[in-house]
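Let me begin by presenting the structure, written as structure tokens, before commenting on it.
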2 protein chains.
Amino acid sequence: PVVARDVRRTYYMGESVDALDGVSLSLPAGSYTAVMGPSGSGKSTLMNLLGCLDTPDEGTVEIGGRSVGDLSGGERARLRGTEIGFVFQTFNLMPRLTAAENVTLPLVFHDGVEAGRHERAETLLSRVGLGDRLDHAPNELSGGQRQRVAIARALANEPTLLLADEPTGNLDTETGNEILAVFDELQAAGRTILMVTHERRVAERADRIVHLIDGELAEIEQLEGK
Amino acid sequence: PVVARDVRRTYYMGESVDALDGVSLSLPAGSYTAVMGPSGSGKSTLMNLLGCLDTPDEGTVEIGGRSVGDLSGGERARLRGTEIGFVFQTFNLMPRLTAAENVTLPLVFHDGVEAGRHERAETLLSRVGLGDRLDHAPNELSGGQRQRVAIARALANEPTLLLADEPTGNLDTETGNEILAVFDELQAAGRTILMVTHERRVAERADRIVHLIDGELAEIEQLEGK
Ligand SMILES: Nc1ncnc2c1ncn2[C@@H]1O[C@H](COP(=O)(O)OP(=O)(O)OP(=O)(O)O)[C@@H](O)[C@H]1O
Ligand SMILES: Nc1ncnc2c1ncn2[C@@H]1O[C@H](COP(=O)(O)OP(=O)(O)OP(=O)(O)O)[C@@H](O)[C@H]1O
Ligand SMILES: [Mg+2]
Ligand SMILES: [Mg+2]
């Protein structure tokens, strides 16, 4: 259960930019929420706040009942490393590491032998169709392949909360559907999913769609049969 | 007029990866071609070859009748700087430069006073909806805003050939349509456009769709009423 209460995030650049202007959103455990909105409307900023990568200027973010603002930097890092999986809009892969090594990075928070981690990376990469690209560095991969490595990495620590920022933006429809099927499995396993997408077709895989406009929550659209 | 004749591009990683396996494609002047295909099928590799950013291992690329392989490195750079506009799948913006400075980069190949270049950058950025983000550095911009800066930069030198690799991948439908309208204007002005996209809706703005599968040209689909 993740809750954002009236969060605000402002950037000061001469003029001030209100990236998020008072957004409240509740993510019940096991829920699957899509976020849509114009470019620049605050979607990634909201993801970063819920993913404990950034702190709001006003308002609070609670995860499992605890206010993230009360956690120390170390506690936040551990929370991220053990509970949260993040697929970044720009992937953020380590350029000098192979696909497999990138995927094992989050596992450093978990006890377990090296071999076990590599095996897990292999399983996850095969699951996203990259079983034959384990040893490729990011610059030896296509855009959509890098995106899939980023997705596999986000799943590595079996997160209770998955935050995916445009996870199919560089994928053809078929490959994208394979990823969405993986997300469906995650939800079936009780995980919570928040996914930003600009494709209606993709958003409709969720239980509901949150519409952001100019840093504000304009509408929460409940989807039929969900 | 750009012509790829039986181009092949192979990467050696222990096993060999045939990124492109004998692709021939002709882009008549003023044509608008979309490229679709599964993730990893060779789309960006094809773009890089046609954009003179890479050379084929076999086969030739001709621009305006001249084989690119015969050009010196300097001639290729000038050709790119003056004739070709490239929107990269990963944007490739200079992180330490503002949006406006990024857009003026290609103009270094053109004579003209500094002020003229900044004005041009401002015009282009306004055209893509970023008139109020001129002084933001890439990390002070949203994903779709960075994408739009990359698009504005590709248009800076009024290219005769525009190569756009997933130009709407990070844009909501409305903003994406604004970009596609800019591309329509370009074609009306006689420019040649090659655009990779995974969205059918976007591809249908072109005259025809080239389908790549596993490094090969599987089909060229002529679009109705085009
Ligand atoms: N430097 C490299 N070294 C090894 N393999 C590479 C390299 N660059 C690309 N490849 C491989 O070549 C193939 C084609 O890559 P390319 O980037 O052209 O695909 P793409 O169609 O653009 O994919 P996407 O839709 O995911 O962006 C991919 O399978 C990729 O793994
Ligand atoms: N570090 C920063 N400094 C200044 N402004 C910023 C910064 N980061 C983001 N912004 C601004 O905040 C607004 C919201 O950004 P955000 O990345 O959340 O948008 P988004 O909805 O994810 O957009 P997109 O769909 O284009 O990815 C944007 O207008 C952006 O310019
Ligand atoms: Mg974003
Ligand atoms: Mg590509």
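Reminder, nothing fancy here: chain letters follow the sequence lines and each chain counts from 1. This structure is a prediction, so every number in the text was calculated from the model and none was measured.
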Among [options], which has the most heavy-atom pairs under 4.5 Å with chain B?
{"options": "A/G40, A/G14, A/G129", "result": "A/G40"}
{"options": "A/D132, A/V17, A/D172, A/N170", "result": "A/D172"}
{"options": "A/K43, A/M13, A/R201", "result": "A/M13"}

[X] [atom1]: over 12 foreign heavy atoms closer than 6.0 Å:
{"X": "B/D57", "atom1": "CG", "result": "yes"}
{"X": "B/E185", "atom1": "CD", "result": "yes"}
{"X": "B/E219", "atom1": "CD", "result": "yes"}

Of A/L124, A/T104, A/L125, A/L93, the residue whose pairing with A/R153 passes side chain to side chain contact (heavy atoms under 4.5 Å, CB included): A/L93
Are there residues of residues 134-145 of chain B whose heavy atoms fall under 4.5 Å of chain A's heavy atoms? If so, which? B/D135, B/H136, B/E140, B/S142, B/G143, B/G144, B/Q145
Any chance you could measure B/L161, atom CG, to B/E83, atom CD, to the nearest 0.5 Å? 9.0 Å
Considering only heavy atoms, which portion of A/R200 lies under 4.5 Å from any heavy atom of chain B: side chain, backbone, both, or neither? neither
Counting only heavy atoms closer than 4.5 Å, note whether A/S41 contacts chain B via side chain, backbone, both or neither. neither
When you measure from the side chain of A/D54 to the backbone N and O of A/L49, does any donor-acceptor pair fall under 3.5 Å? no
Donor-acceptor pair, B/R120 side chain versus B/A156 backbone, under 3.5 Å? yes
Is it the case that the side chains of B/S24 and B/D6 hold a donor-acceptor pair, with the cut-off being a distance below 3.5 Å and no angle test? no
Pairing of A/E101 and A/R96 as salt bridge, 4.0 angstrom limit: no
Out of B/S39, B/S44, B/G42, B/A19, return the one with the most heavy atom pairs under 4.5 angstrom to chain A. B/S39
Out of B/Q147, B/R148, B/E15, B/M36, which one racks up the most heavy-atom pairs below 4.5 Å with chain A? B/R148
